[in-house]
Amino acid sequence: MPLMPKRVKYRKLQKGKSRGVATCGATLAFGEFGLKTLENGWLKNNQIEAVRVNIARQLHKGGKLWMRAFPHKSITKKPAEVRMGKGKGDLDHWVAVVKRGKVLFELGGVPEEYARQCFRLIAFKLPFRTKFITRAHK
């Protein structure tokens, strides 16, 4: 089951602007180590799921992962080779709107080198540049 809201007031949303710096969720709140984004963008629900699966395999029942991004925004798409007009397309997938400076994932209960290694593997699955942060120096 993909990550998506249980219910929404409006199924189809406007695109919106992708600019600015994160004010909320820019510091570590749960774990000792975090992955902070350096760019604005959209994080798809399947990318979040890929990260969750990857980390679950890395942790082997040790340590804890906190996911600080949830896909609230719906993205629509018209089918291939369809003429212009005839309204907005059908719902395709869900995304989390991410501003630069937001902490996307946090890890706790593991050594720093291991957390660094885990987040390095995660960073390849994300569509923007990220930075490893710790509680000592955010």
Side-chain angles (χ1 to χ4, degrees):
M1 186 76 192
L3 216 52
M4 60 190 271
K6 282 196 181 93
R7 56 188 297 272
V8 288
K9 194 166 185 178
Y10 301 108
R11 281 186 315 128
K12 298 174 181 179
L13 298 171
Q14 293 185 337
K15 257 196 188 98
K17 293 279 188 276
S18 174
R19 60 186 180 210
V21 184
T23 50
C24 302
T27 57
L28 289 173
F30 304 104
E32 291 97 58
F33 312 107
L35 195 67
K36 186 181 254 197
T37 177
L38 300 175
E39 295 171 349
N40 296 333
W42 287 345
L43 190 58
K44 286 185 182 180
N45 56 358
N46 58 357
Q47 291 168 333
I48 296 173
E49 182 62 15
V51 165
R52 190 192 64 76
V53 168
N54 197 318
I55 279 288
R57 287 196 184 128
Q58 293 294 317
L59 291 180
H60 304 296
K61 302 277 189 268
K64 182 158 171 48
L65 171 73
W66 288 271
M67 297 192 298
R68 306 260 317 262
F70 186 82
H72 288 290
K73 187 182 187 68
S74 60
I75 303 298
T76 60
K77 195 168 184 319
K78 288 177 90 70
E81 298 178 18
V82 170
R83 291 186 178 183
M84 293 271 105
K86 303 282 188 284
K88 197 171 167 86
D90 289 327
L91 197 137
D92 186 49
H93 60 274
W94 294 84
V95 297
V97 178
V98 175
K99 291 188 174 186
R100 73 179 191 270
K102 181 163 174 65
V103 176
L104 296 175
F105 305 101
E106 293 187 30
L107 266 179
V110 291
E112 183 173 344
E113 268 314 303
Y114 193 69
R116 209 175 272 277
Q117 180 189 334
C118 288
F119 281 141
R120 192 179 149 275
L121 293 171
I122 285 177
F124 290 123
K125 301 195 176 294
L126 299 177
F128 27 66
R129 291 182 303 118
T130 55
K131 175 184 172 184
F132 179 83
I133 59 167
T134 62
R135 279 227 184 264
H137 43 78
K138 296 168 183 122

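Keep in mind the model is a prediction, meaning the values are calculated, not measured.
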Engineer: Taking only residues two or more places apart in sequence, or in another chain, which ones meet Ala56 in a side chain to side chain contact (heavy atoms under 4.5 Å, CB included)?
Structural biologist: none
Engineer: If you group Ile, Leu, Val, Met, Phe, Trp and Tyr whenever their side-chain heavy atoms sit less than 4.5 Å apart, what else falls in with Ile75?
Structural biologist: Trp42, Val95, Val97
Engineer: Which residue pairs pass the ring-ring contact (aromatic ring centres under 6.0 Å, His included) test when at least one of the two sits in residues 108-130, sequence neighbours left out?
Structural biologist: Phe119-Phe132
Engineer: Can you name the residues that form a side-chain hydrogen bond (donor to acceptor under 3.5 Å, both in side chains) with Arg68, not counting sequence neighbours?
Structural biologist: Glu106
Engineer: Hydrophobic side-chain clustering at under 4.5 Å (ILVMFWY, transitive links): who's grouped with Val53? Put none if nobody.
Structural biologist: none
Engineer: With sequence neighbours excluded, tell me which residues meet side chain to side chain contact (heavy atoms under 4.5 Å, CB included) with Asn54.
Structural biologist: Gln58, Leu121, Lys125
Engineer: State the CD1-OG1 distance between Ile122 and Thr130, to the nearest 0.5 angstrom.
Structural biologist: 9.0 Å
Engineer: I'd like to check the salt bridge (Lys or Arg N to Asp or Glu O under 4.0 Å) partners of Arg129; sequence neighbours left out, ordered by chain and number.
Structural biologist: Glu39
Engineer: Under the rule for side-chain hydrogen bond (donor to acceptor under 3.5 Å, both in side chains), what residues qualify as partners of Arg52, not counting sequence neighbours?
Structural biologist: Glu49
Engineer: What distance separates Lys36 NZ from Ile133 CD1, expressed to the nearest 0.5 Å?
Structural biologist: 5.0 Å
Engineer: Can you list the residues that meet the side chain to side chain contact (heavy atoms under 4.5 Å, CB included) rule with Ser18, with sequence neighbours excluded?
Structural biologist: Asn40
Engineer: Which residues satisfy the side-chain hydrogen bond (donor to acceptor under 3.5 Å, both in side chains) test with Gln117, sequence neighbours excluded?
Structural biologist: none
Engineer: Once ring-ring contact (aromatic ring centres under 6.0 Å, His included) is applied, do any residues pair with Phe70, and if so which ones, sequence neighbours excluded?
Structural biologist: His72
Engineer: Should the heavy atoms of other residues, nucleotides or ligands under 6.0 Å from NZ of Lys88 be counted, would the total exceed 12?
Structural biologist: yes
Engineer: Show every ring-ring contact (aromatic ring centres under 6.0 Å, His included) that has at least one partner inside residues 86-111, sequence neighbours left out.
Structural biologist: none
